[in-house]
Chemist: 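Have a look at this one.
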Amino acid sequence: QVQLAESGGGLVQAGGSLRLSCVASGRTSSSYVMAWFRQAPGKEREFVAATRWLVRSTWYADSAEGRFTISKDNSQNTMYLQMNSLKPDDTAVYYCAGSRIFSRSSTDYGYWGQGTQVTVSS
């Protein structure tokens, strides 16, 4: 099994920045796709960004392209989401997730963290 733990959320003003972290432990695989999802109250969980663990492959949602950057430190089993130019619409609980294949659908991910709250004030 894989365990994921997010951190780094908080309250920021519009236009500000945050960096989220996700630490993976347990039976991780170098072939895994690691992703960030977010969910606002009353809305479905939506894809934000993803990366393969060891190779140079990244994917972004249209809402994240140009503002968010996904990265990783393989030696520390840690994935990051650098979020710049934050907007109130970015307010949500952010989750990291793991899958054996790339997908933009949350139903294809079998491993999830507990989530970290991001709130962007106007």
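These numbers were taken from a predicted model, which means no experiment stands behind them.
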Chemist: Could you check Ser106 against Trp112 for side-chain contact (heavy atoms from CB on, under 4.5 Å), going step by step and ending with a plain yes or no?
Modeler: CA-CA 10 Å; Ser106 63; Trp112 293 89; 3.8 Å; yes
Chemist: Nearest heavy-atom pair of Ala14 and Ser122: which atoms, and what distance?
Modeler: CB-CA, 4.4 Å
Chemist: Angle class for the Phe102/Trp59 ring planes (parallel below 30°, perpendicular above 60°, tilted otherwise)?
Modeler: parallel
Chemist: Show the nearest heavy-atom pair for residues Thr51 and Ser57, with the distance to one decimal.
Modeler: OG1-O, 3.0 Å
Chemist: Using every non-hydrogen atom in the two residues, find where Ala61 and Phe47 come nearest and quote the distance to one decimal.
Modeler: CB-O, 3.4 Å
Chemist: Test side-chain contact (heavy atoms from CB on, under 4.5 Å) on Tyr80 and Leu20; report intermediate values, then the result.
Modeler: CA-CA 5 Å; Tyr80 303 97; Leu20 307 182; over 6 Å; no
Chemist: Look only at the side chain of Tyr60 and the backbone of Ile70, and say whether a donor-acceptor pair between them is shorter than 3.5 Å.
Modeler: yes
Chemist: Indicate yes or no: does Asp90 engage Arg38 in a salt bridge with an N to O separation below 4.0 Å.
Modeler: yes
Chemist: Kindly give the heavy-atom pair with the smallest separation between Ala24 and Leu4, and that separation in Å.
Modeler: CB-CD2, 3.6 Å
Chemist: Just checking, any donor-acceptor pair under 3.5 angstrom between side chains of Thr107 and Ser105?
Modeler: yes
Chemist: Is the shortest side-chain heavy-atom distance between Phe68 and Gln82 below 4.5 Å?
Modeler: no
Chemist: Indicate whether any N or O donor in one side chain lies under 3.5 Å from an N or O acceptor in the other, for Gln114 and Glu6.
Modeler: yes
Chemist: Taking the inter-plane angle between the rings of Tyr111 and Tyr32 on a 0 to 90° scale, is it parallel (under 30°), tilted (30 to 60°) or perpendicular (over 60°)?
Modeler: parallel
Chemist: Do the side chains of Leu81 and Thr69 get nearer than 4.5 Å, heavy atoms only?
Modeler: no
Chemist: Tell me if a side-chain donor or acceptor on Ser99 pairs with a main-chain N or O of Asp108 at a distance below 3.5 Å.
Modeler: yes
Chemist: Between CD of Gln13 and OG of Ser121, what distance do you get to the nearest 0.5 Å?
Modeler: 5.0 Å
Chemist: When you check the side-chain N and O atoms of Thr78 and Asp73, is any donor under 3.5 Å from an acceptor?
Modeler: no
Chemist: When you look at Val12 and Thr119, which way does the side-chain contact (heavy atoms from CB on, under 4.5 Å) test go after all the steps?
Modeler: CA-CA 6 Å; Val12 297; Thr119 302; over 6 Å; no
Chemist: Give the intermediate values and the outcome of side-chain contact (heavy atoms from CB on, under 4.5 Å) for residues Asp62 and Glu65.
Modeler: CA-CA 5 Å; Asp62 289 343; Glu65 186 71 48; 5.6 Å; no
Chemist: Does any part of the side chain of Glu46, heavy atoms only, come nearer than 4.5 Å to the side chain of Arg104, both counted from C-beta?
Modeler: no
Chemist: Under the 3.5 angstrom rule, does the side chain of Tyr109 hit a backbone N or O of Met34 as a donor-acceptor pair?
Modeler: no
Chemist: Check the hydrophobic clustering (I, L, V, M, F, W, Y; side-chain heavy atoms under 4.5 Å; chains of links allowed) and say if Val120 and Met83 are grouped together.
Modeler: yes
Chemist: Determine the minimum heavy-atom distance between Arg67 and Leu86, stating which atoms define it.
Modeler: NH1-CA, 3.9 Å
Chemist: What is the minimum heavy-atom distance between Cys96 and Met79, and which atoms define it?
Modeler: CB-CE, 3.8 Å
Chemist: Between NZ of Lys87 and OG of Ser85, what distance do you get to the nearest 0.5 Å?
Modeler: 8.0 Å
Chemist: Please round to the nearest 0.5 Å and tell me the distance separating atom SG of Cys22 and atom OH of Tyr94.
Modeler: 15.0 Å
Chemist: Whether the side chain of Thr116 engages the backbone of Gly9 through a donor-acceptor N/O pair (distance < 3.5 Å, no angle test) should be reported.
Modeler: yes
